[in-house]
Protein chains: 2
Amino acid sequence: MRGIELDRYDYQILEALQRDARATHQKLAQEVPLSASQIGRRIQRLEESGIIQGYHIALRPDLLDLSVTAFASVSLERHGEASIREFAAAISDLPEVLECYAVAGEADYWLRIVVQDLPSLSRFVMNKLMTLSLVRSVKSTVALEPIKHTTRLPLQPPAR
Amino acid sequence: MRGIELDRYDYQILEALQRDARATHQKLAQEVPLSASQIGRRIQRLEESGIIQGYHIALRPDLLDLSVTAFASVSLERHGEASIREFAAAISDLPEVLECYAVAGEADYWLRIVVQDLPSLSRFVMNKLMTLSLVRSVKSTVALEPIKHTTRLPLQPPAR
DNA sequence: GGTGAAACACGCCGATG
DNA sequence: CATCGGCGTGTTTCACC
């Protein structure tokens, strides 16, 4: 699934936006050797192509009474395509689950969960996760401390 | 570490900004029963208090030649405070590592890694991760498919 | 790539409870 | 006295040339 062709300027724009998503076109024009109007047009193209998915706000969970981050490995009972879709839909409806990936190995899925405190985690795993009909087993681990958390991708600009 | 007191309007603003970080103050004023200028002032306060950490752009990794997401559990040789700080600093310098948490249990740290392809993953783990002096062992797993990925926190608005 | 008009953010004001 | 809405100014964006 390759998108449109990006040149070095597109990559420079993306790098700059990853650093500061609120930079104005004029500010970006100071870093990228293009005019502000060209930068605006390129950003629009990047948005339309889906490369730029959206603009998000980063909140500090600990200041909002969300002090527990946990991980869970989940194994399913069955592995048919319908089961997988059903599980995916159920996970999408759980706001406490911020990330979920299908993985190879011991478990089938891996989740990152954010909740208020340990009792909330317990309630969430017991009442919401394990009660999903397809779930066979859940193994959860509490995060002790966040070391790093970024949304910045390691972009590989073209050599040219 | 509790921050400033937030009322229901602050929560409504945060909810709305989590949905659309580029919403203008006027647009927000249509959802939250406050004037645009008040909303602007509250957002400023939320930024100053650190609750709003920043504004980010969400890029689609698969369209940018970053098709592999992997997870790694890392165990360290020693666990003194200096070792931990050294490891944290080293991880922060690795752009391929997007998330890292200290965890309780079998491993010491858990990482999420994004790279171009499987050979890149192999190179990264072998040459960059395992060569960190403090690392004793690394166990990595490749993500087969992303099911969910959001930055939206499950906010708990006050009852009042 | 540049230029205009419209929309926007932000600081200042008096009013309100 | 903290918080509010309205207004004016400088800035940004976007359609058009």
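Order of the sequence lines sets the chain letters (A, B, ...), proteins ahead of strands, with each chain counted from 1. Only heavy atoms go into these numbers, but all of them, side chains included; no hydrogens, no water, no symmetry mates.
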Centres of the A:Y101 and A:Y109 rings: under 6.0 Å? no
Please list all pairs meeting side-chain hydrogen bond (donor to acceptor under 3.5 Å, both in side chains) that have one or both residues in residues 67-76 of chain B, counting only residues at least two apart or in different chains. none
Below 4.0 angstrom, which residues in residues 31-47 of chain A have at least one non-hydrogen atom near DNA chain D? A:R41
Using side-chain heavy atoms (C-beta onward) and a distance below 4.5 Å, is B:D117 in contact with B:L121? no
Salt bridge B:R19-B:E31, side-chain N to carboxylate O under 4.0 Å: yes
Decide yes or no for B:I13 and B:I39: does some side-chain heavy atom of the first lie under 4.5 Å from some side-chain heavy atom of the second? yes
Covered region of DNA chain C, 5' end to 3' end, by chain B [heavy atoms, under 4.0 Å]: C:dC8 to C:dC12
Taking only Lys NZ, Arg NE, NH1 and NH2, and the carboxylate oxygens of Asp or Glu, determine whether A:R112 and B:E99 approach each other closer than 4.0 Å. yes
Contacted region of DNA chain D by chain A, from 5' end to 3' end of the hits, cut-off under 4.0 Å to heavy atoms, spans D:dT12 to D:dC16
side-chain hydrogen bond (donor to acceptor under 3.5 Å, both in side chains) filter on B:K27, not counting sequence neighbours, yields none
Which residues pass the side-chain contact (heavy atoms from CB on, under 4.5 Å) test with B:Q44, not counting sequence neighbours? B:E48
Do NZ/NE/NH1/NH2 and the carboxylate oxygens of B:K128 and B:E96 come within less than 4.0 Å? yes
Is the shortest distance from a Lys or Arg side-chain nitrogen in B:D62 or B:R60 to a carboxylate oxygen in the other one below 4.0 Å? yes
